[in-house]
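Because the structure is a prediction, the values reported are computed rather than measured. Positions are given from 1, in the same order as the sequence printed here.
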Amino acid sequence: MLTTRASFVALCALLGLSACAPSVAEDSKGEITDGGDDGATDDGTGDDGSADGADGADGTDGTDGSDGTDGSDGGTDGTDGTDGGTDGTDGGDGTEPAGPVDYTGDFTLDLAAEGLGEDTCIGAVNLVVDEEAETLIAGSAECTFSGPLSFVGGITATMTADLASSTSTTIEGELIIAVPFIGDYAVGWGGTYDGESITSEDAGTIDVSGFSIEYVLDLAAEPA
């Protein structure tokens, strides 16, 4: 191989250096061209630009904001408290059925007769209101005299009454007064019943053995 190269050098010496120069230049130019291509290949690849662009994809993490819908769930759960209040209202359905109601109160009966004087019988009244009974109001009263008529002792009165009409609070009825040793005397009486109380301020006249006796009835009764 050394012999061949020596021969090539010798030949160049004979022909002159200029004959061999183009070949060397072409080789050198070829190498420079190759280097340029390599450089172009290396510089042309935008590795840095591509890497930076990929970082931009991290912006999709913003979808985490949808977690805020959990707050709506908390508000909806609050409506459960309303259900509890409604259930408490259902407990009010236990209304007692209508039935007899006892009324109690004061009872006074003033009597006045010419030749006998005046006296007041003071006592108590007990009445029963029953909207399903044949007579709305029924009961009795007892009282005693403390003046000129005290010799008769206590007297008993039986009372009944009904509403004057279905749309009225006025009551009308009968009062039977039992006087010891004398007899029973029936008189009419009236008053008011409004569902909360029974009241009466009535007056009239009773004929007893030829005597005319004036009376004034006063009572007020409320649920016992």
Side-chain angles (χ1 to χ4, degrees), residues 85-224:
T86 302
D87 293 340
T89 304
D90 293 340
D93 293 339
T95 303
E96 294 181 3
V101 179
D102 294 330
Y103 283 71
T104 61
D106 298 327
F107 175 91
T108 61
L109 182 64
D110 294 331
L111 297 180
E114 186 177 351
L116 295 177
E118 299 179 2
D119 204 347
T120 300
C121 193
I122 300 174
V125 63
N126 295 276
L127 301 173
V128 176
V129 176
D130 189 348
E131 297 181 356
E132 297 181 356
E134 183 177 354
T135 301
L136 176 64
I137 300 173
S140 63
E142 293 183 356
C143 64
T144 57
F145 292 101
S146 59
L149 298 178
S150 60
F151 68 92
V152 300
I155 65 173
T156 300
T158 301
M159 308 177 68
T160 57
D162 283 302
L163 291 172
S165 69
S166 59
T167 59
S168 174
T169 59
T170 299
I171 55 176
E172 297 175 347
E174 184 179 57
L175 172 66
I176 301 176
I177 303 174
V179 180
F181 312 111
I182 298 176
D184 296 344
Y185 299 89
V187 297
W189 75 285
T192 301
Y193 167 65
D194 59 6
E196 297 181 356
S197 65
I198 301 172
T199 59
S200 176
E201 292 183 2
D202 206 352
T205 302
I206 306 173
D207 291 329
V208 179
S209 301
F211 291 93
S212 179
I213 301 177
E214 297 179 354
Y215 71 90
V216 176
L217 169 67
D218 190 354
L219 70 84
E222 295 181 348

Selection residues 211-224 - residue pairs positive for side-chain hydrogen bond (donor to acceptor under 3.5 Å, both in side chains), sequence neighbours left out: none
Please list all pairs meeting side-chain hydrogen bond (donor to acceptor under 3.5 Å, both in side chains) that have one or both residues in residues 111-129, counting only residues at least two apart or in different chains. Asp110-Thr120
Scan the side chains in residues 181-192 for donor-acceptor partners under 3.5 Å anywhere in the protein, sequence neighbours excluded, and list what turns up.
| from | atom 1 | to | atom 2 | distance (Å) |
| --- | --- | --- | --- | --- |
| Trp189 | NE1 | Thr160 | O | 3.1 |
| Trp189 | NE1 | Glu174 | O | 3.3 |

Are Ser200 and Leu219 side-chain neighbours, meaning at least one heavy-atom pair lies under 4.5 Å? yes
Is there side-chain contact between Pro180 and Ile155, with heavy atoms separated by less than 4.5 Å? yes
Which atom pair, heavy atoms only, marks the closest approach of [X] to [Y]?
| X | Y | value |
| --- | --- | --- |
| Cys143 | Gly123 | CB-N, 3.6 Å |
| Met159 | Val125 | SD-CG2, 4.0 Å |
| Ser168 | Ala164 | OG-CB, 4.4 Å |
| Thr135 | Ala161 | CG2-O, 3.5 Å |
| Ala157 | Phe107 | CB-CZ, 4.3 Å |

From [X] atom [atom1] to [Y] atom [atom2], the distance as rounded to the nearest 0.5 Å:
| X | Y | atom1 | atom2 | answer |
| --- | --- | --- | --- | --- |
| Ile198 | Ile137 | CD1 | CD1 | 4.0 Å |
| Ile122 | Phe145 | CD1 | CZ | 10.0 Å |
| Leu175 | Ser140 | CG | OG | 11.0 Å |
| Leu217 | Glu201 | CG | CD | 9.5 Å |
| Thr144 | Leu149 | OG1 | CG | 11.5 Å |

For atom CG of Asp106, is the number of surrounding heavy atoms from other residues, nucleotides or ligands below 6.0 Å larger than 12? no
Criterion side chain to side chain contact (heavy atoms under 4.5 Å, CB included) against Leu111, the qualifying member of Ile213, Val152, Val179, Val216: Ile213
Apply the side chain to side chain contact (heavy atoms under 4.5 Å, CB included) test between Tyr193 and each candidate in Leu163, Thr169, Asp162; give the one that qualifies. Leu163
